[in-house]
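Data first, discussion second: the structure below is written as structure tokens.
All values below were derived from every heavy atom in this structure, side-chain atoms included, with hydrogens, water molecules and symmetry-related copies excluded.
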Amino acid sequence: LGPQGRVAGTLLVRGGTASLGPDRGGPALACDIGTFTQIWSGYLRATDAVHLGIEAVDSPRPAALADAMFALQPLHTLDDF
């Protein structure tokens with residue numbers, strides 16, 4: 001992660017394993033680390049983040065792909081803090 005929790009890259013998902021590769025250009029999805037954490041944990045859909053104005057996309061496709069990739073039940077920890 002760069003300054004203020006920002007990173008530019010391509011999230012690659014193959015065979016159930018994810019990795020971050022170099023930025024390839026093309027359709028992009030941009031948000032801060034707090035918004036991404038909400039999407040990753042299942043509390044917020046990427047398309048809803050776009051609608052709320054807390055995530056930016058240059059086409060509808062990245063948000064729809066993120067919705068599919070992170071379609072989980074919300075993560076609940078055993079330790080509420």
Side-chain angles (χ1 to χ4, degrees):
L1 291 174
Q4 301 163 346
R6 295 181 185 194
V7 63
T10 301
L11 181 62
L12 307 168
V13 180
R14 290 194 177 100
T17 301
S19 63
L20 185 62
D23 187 7
R24 294 183 184 181
L29 175 138
C31 64
D32 63 28
I33 192 68
T35 301
F36 179 75
T37 301
Q38 294 295 310
I39 293 167
W40 169 82
S41 64
Y43 282 99
L44 179 66
R45 292 178 351 128
T47 50
D48 292 337
V50 171
H51 179 73
L52 292 169
I54 56 177
E55 179 175 78
V57 293
D58 55 8
S59 77
R61 188 167 182 257
L65 287 172
D67 282 352
M69 284 175 36
F70 300 110
L72 304 170
Q73 292 295 319
L75 176 67
H76 296 284
T77 63
L78 297 176
D79 182 14
D80 292 325
F81 54 92

Scan the side chains in residues 47-55 for donor-acceptor partners under 3.5 Å anywhere in the protein, sequence neighbours excluded, and list what turns up.
residue	atom	partner	partner atom	Å
Thr47	OG1	Arg45	NH2	3.0
Thr47	OG1	Asp67	OD2	2.6
Asp48	OD2	Arg45	NE	3.4

(message) For Ala66 versus Ala46, what's the shortest heavy-atom pair and its separation?
(response)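 Smallest heavy-atom distance, with atoms named: CB-CB, 3.6 Å.
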(request) Mark yes or no for whether Thr35, through its side chain, and Cys31, through its backbone, hold a donor-acceptor pair below 3.5 Å. (result)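 Absent.
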(message) Nearest 0.5 Å, please: how far is CG in Leu29 from CZ in Arg61?
(response)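 It comes to 12.5 Å.
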(message) Between Phe36 and Phe70, is the ring centroid distance below 6.0 Å?
(response)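 Under 6.0 Å, so yes.
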